[in-house]
Number of protein chains: 2
Amino acid sequence: MAQLIPYLSVDCVVFGFDAERQELNILVYEREIFNDRSGNLNLKFPGSIVPMEDDLDDSAQKVLFELTGLKNVCLKQFHAFGNPDRIKFDEEKKWAERHYGVKIDRVVTIAYYALIRIDKHNPEQSRIRDKLKWITHDRAENMAFDHSLILEYALAALKKDVLLKDVNVFELLPPKFTLAQLQSLYEAVMGKKMDKRNFRKKISKASYIKALDEKQRGVAHKPALLFYFDKDDFERSKEDINTFFV
Amino acid sequence: MAQLIPYLSVDCVVFGFDAERQELNILVYEREIFNDRSGNLNLKFPGSIVPMEDDLDDSAQKVLFELTGLKNVCLKQFHAFGNPDRIKFDEEKKWAERHYGVKIDRVVTIAYYALIRIDKHNPEQSRIRDKLKWITHDRAENMAFDHSLILEYALAALKKDVLLKDVNVFELLPPKFTLAQLQSLYEAVMGKKMDKRNFRKKISKASYIKALDEKQRGVAHKPALLFYFDKDDFERSKEDINTFFV
DNA sequence: CCAAAAGTGTTAGCCGTACACCCATGA
DNA sequence: TCATGGGTGTACGGCTAACACTTTTGG
């Protein structure tokens, strides 16, 4: 049977925040199809062909569940990638055809990014646990297909969403966090360093970030006060974004 | 032949700005498939099935060209809509099957918004000119398929892009425009009124909006100074968006 | 001379930015 | 007692927001 229309897939760029190293990490799936090529060509983002009867968002949630054992993950669709030549190598086409069990000429993918708590991700629950790994952004060049491009778009979309409070960056943090963790997360997302005192002054004006009556324990320095995030206050605070940048 | 995967289409939400009436308008395509239903069920956004060999962006440009006779239109992909039930009525399914000449069970659409100058849009050049019309946002409820939802997403995406200077709102204006026109455009996009003096103070700080040595003519009131938009300065000015909203 | 829209300045309070030292803890 | 990161204040300049009257034109 000839294929007359492009296949449709979803791909998920899963972000996790390593609070120790203060780094934004990305979950990738490692295949073994290129033996003689160096670099990251064996790395791709987790994804799946969209079944005929499934909603796009549901397909993405399903991928995430099979991957991390997590349900109701924070997931945002950010772009569809449809270059007819996005499958670059014969090895990739053959891999995809074997993997999905259909003849494939072209795949259009709807890309999502997900925010998860890196400590919640339980690889034991994953069907494909031994093929998953976390990498940092600067180790993600030259991935399979157009996935390095997809990552650039994902990072830009995340940054945009965070700037306008269109996403909950707190999904990446544990329920109790320090201001230093929060600051390094913002710095990782925005791609720039910020001044500690000014950052804290700003955060103290955010009604949705609230201090607990509790401190860090067991650290070899002055223990930090812990904070939590109030989602309802956050939702309310969205309303007064008015002023555009000139 | 059974269809095993969803069809893929692109749809374009075309915005135009009516500077006289100070309204944001939307270009819709009118069909004649519902006789006995009231409302806007006959209205849809222009779109097309994506051919097997075409890039998504190219397909959208092609739709725009056939529609408006314009090339290199400002076009931004903003969301993919893939609810399996987005074709709601039998009449719509039959229309789509007749229109595209294939059996259709499900269509996933990649939605774009376009900004065009309403005065440049030459309906004479359009293949389907007698079926196109401009409507305002508040007259766009209950459109065909999920197109009213698509419009809501388009407006939100446009607003977001304008806030972050990710799109050129000046594509909607003639090359020479007054500050009153510019202000009413911002107001239409942001959905809120602004103070004239404060708006002008802000605009005067934008290096990319420059006064001409020329005024309006033939108006029955004090003629307004004309301004133009400098794209290079605009691109340069994007770099210093840093501060997130709390 | 009237109607209509253009154009203009000041004040008060808030926000962004730049910058350096003491504090609490575990080892 | 030392190393480590936590926590804090001030001053300046720029931005936002509120607010009302005069000017220029065509009719």
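In what follows, chains carry the letters A, B, and so on, assigned in the order in which the sequence lines appear, proteins first and then strands, with residues in each chain numbered from 1.
- Contact check on B:Lys193 versus B:Glu187 returns a salt bridge, with a Lys/Arg side-chain nitrogen under 4.0 Å from an Asp/Glu carboxylate oxygen.
- A cation-pi geometry, defined here as NZ or CZ lying under 6.0 Å from the six-membered ring centre and within 45° of its normal, does not hold between B:Lys238 and B:Tyr208.
- Taking the salt bridge (charged side-chain N to carboxylate O under 4.0 Å, His left out) definition, one finds that A:Lys215 meets it with nothing, sequence neighbours left out.
- Straight-line distance from the CZ atom of A:Arg200 to the P atom of D:dG5: 14 Å, rounded to whole Å.
- Between chain A and DNA chain C, the heavy-atom contact criterion of under 4.0 Å yields a 5' to 3' nucleotide range of C:dC15 to C:dG26.
- Using bins of under 30°, 30° to 60° and over 60° for the plane-to-plane angle, the ring pair A:Phe227/A:Phe177 lands in the parallel bin.
- Rounded to whole Å, atom P of D:dT16 lies 10 Å from atom CZ of B:Phe245.
- Taking only side-chain nitrogens and oxygens, B:Lys192 never comes nearer than 4.0 Å to OP1 or OP2 of D:dA17.
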Can you give one letter per nucleotide of nucleotides 19-27 of chain D, 5' to 3': B if a protein heavy atom sits under 4.0 Å from the base, S if only from the sugar-phosphate, - if neither? BB--BBBS-
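- Within the structure, salt bridge (charged side-chain N to carboxylate O under 4.0 Å, His left out) pairs that include any residue of residues 169-181 of chain B comprise B:Lys176-B:Glu214 (at least two apart or interchain).
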Scan the side chains in residues 71-78 of chain A for donor-acceptor partners under 3.5 Å anywhere in the protein, sequence neighbours excluded, and list what turns up.
unit_1  : atom_1 : unit_2   : atom_2 : d
A:Lys76 : NZ     : A:Asp166 : O      : 3.0
A:Gln77 : OE1    : B:His79  : NE2    : 3.4

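- Scored by the side-chain contact (heavy atoms from CB on, under 4.5 Å) test, A:Asn198 finds A:Asp195, A:Lys201 as partners (sequence neighbours excluded).
- Using a 4.0 Å heavy-atom cutoff across all strands shown, B:Leu179 reaches no nucleic acid atom at all.
- Atom CD of A:Glu20 is separated from atom P of D:dT4 by 17 Å (rounded to the nearest Å).
- The separation between B:Met194 atom CE and D:dA17 atom C1' is 13 Å, rounded to whole Å.
- When each of A:Ile26, A:Val28, A:Ile150 is paired with A:Met143, the side-chain contact (heavy atoms from CB on, under 4.5 Å) condition holds for A:Val28 and for no other.
- Residue A:Thr243 is in sugar-phosphate contact alone, with no base atom involved, counting any heavy-atom pair closer than 4.0 Å across all strands shown.
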